[in-house]
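Here is the structure we will look at, set down as structure tokens.
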Amino acid sequence: NHANNNRGLYIYVDELKGWIKNFNRYNNSGEEEIYLSLWSGTTISSDRASGKSTRIKDPFIGVIGSAQISVLNSFAKDGRSNNGFMDRLLFVYPGDLAPIKWNIAQVDKRILENYFNLISNIIELSSESETSKIINFSPEAKDYLFNWQNKRPVKFLFEYERSIEVKLQQYAIRFSLLLQIINDVSMNKQVTKIEIASVKGAIKLFEYFKNNAIKVREEITKKDYVE
């Protein structure tokens, strides 16, 4: 229950198709619209018949899962292709993958320990304060990010390209913060500002996820391209 954990929730579903299918489980539940608002950080208010009201000022719910390429069409049904829902998803779309061969070699324990320590330190960092903390860009990082955004294309052949571009530009800001946190926590430093190196890394992630989003769109539209 998000009301009992203001730091946010995380949803893991093995098959994302099932998660999307459940949007229509209850008539007029508005679940899809709720996820659209959550992405933007819109305040959640819930008034129940029992008289109990819930208000979450700074909501966050992360969703992660997998899907077969053959079912990507279901992601775009019921208007999700046009209302920005699909463009809020970050797709990891590998290229031609070779069959995985069995391997008895074990992962170096130091790698696992370092990863565990990093995640644990980030969680501890977020639990130090009950209120949200604003991390600003350094002047150099801000100028770099704004110049990059101002030079982005404004004309597109397909409307979905515009939607992908706009949503991922917002993600670039989030990527910058995440990369800065990872860097500072791994260096045992306090997170005080977002530096230019994190912005440059965020732009690389922008390009990666944009390419994947385009691949997904091409996959679900190619059969009806003429139409």
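Small disclaimer: the values here were computed from a predicted structure and weren't measured.
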Is the shortest side-chain heavy-atom distance between [X] and [Y] below 4.5 Å?
X    : Y    : value
I194 : L145 : no
V216 : L89  : no
S37  : I34  : no
I64  : Y10  : yes
I220 : F75  : no
Y208 : V92  : yes

Which residue pairs satisfy the ring pair (Phe, Tyr, Trp, His ring centres under 6.0 Å) criterion with at least one member in residues 161-200, sequence neighbours excluded?
W39-Y171, Y171-F175, F175-F209
Please name all residues satisfying salt bridge (Lys or Arg N to Asp or Glu O under 4.0 Å) with K17, sequence neighbours left out, ordered by chain then number.
none
Applying salt bridge (Lys or Arg N to Asp or Glu O under 4.0 Å) to D108 and not counting sequence neighbours gives R110
Run through the side-chain heavy atoms of Ile, Leu, Val, Met, Phe, Trp and Tyr, join any pair under 4.5 Å, and report what else lands in I134's cluster.
none
Using only heavy-atom distances, determine whether the side chains of Y12 and W19 contain a donor-acceptor pair under 3.5 Å.
no
Does R162 pair with E159 as a salt bridge, N-O distance under 4.0 Å?
yes
SB check R152 E207 (cutoff 4.0 Å)
yes
Do the two ring centres, one from F91 and one from Y93, sit under 6.0 Å apart?
no
Contacts satisfying side chain to side chain donor-acceptor pair (under 3.5 Å) that involve residues 185-201 (not counting sequence neighbours) are Q180-S198
Give a yes or no answer on whether the side chain of E161 reaches the backbone of F158 with a donor-acceptor pair at less than 3.5 Å.
yes
Which residue pairs satisfy the salt bridge (charged side-chain N to carboxylate O under 4.0 Å, His left out) criterion with at least one member in residues 138-148, sequence neighbours excluded?
none
d(L125 CG, I181 CD1) to nearest 0.5 Å is 6.5 Å
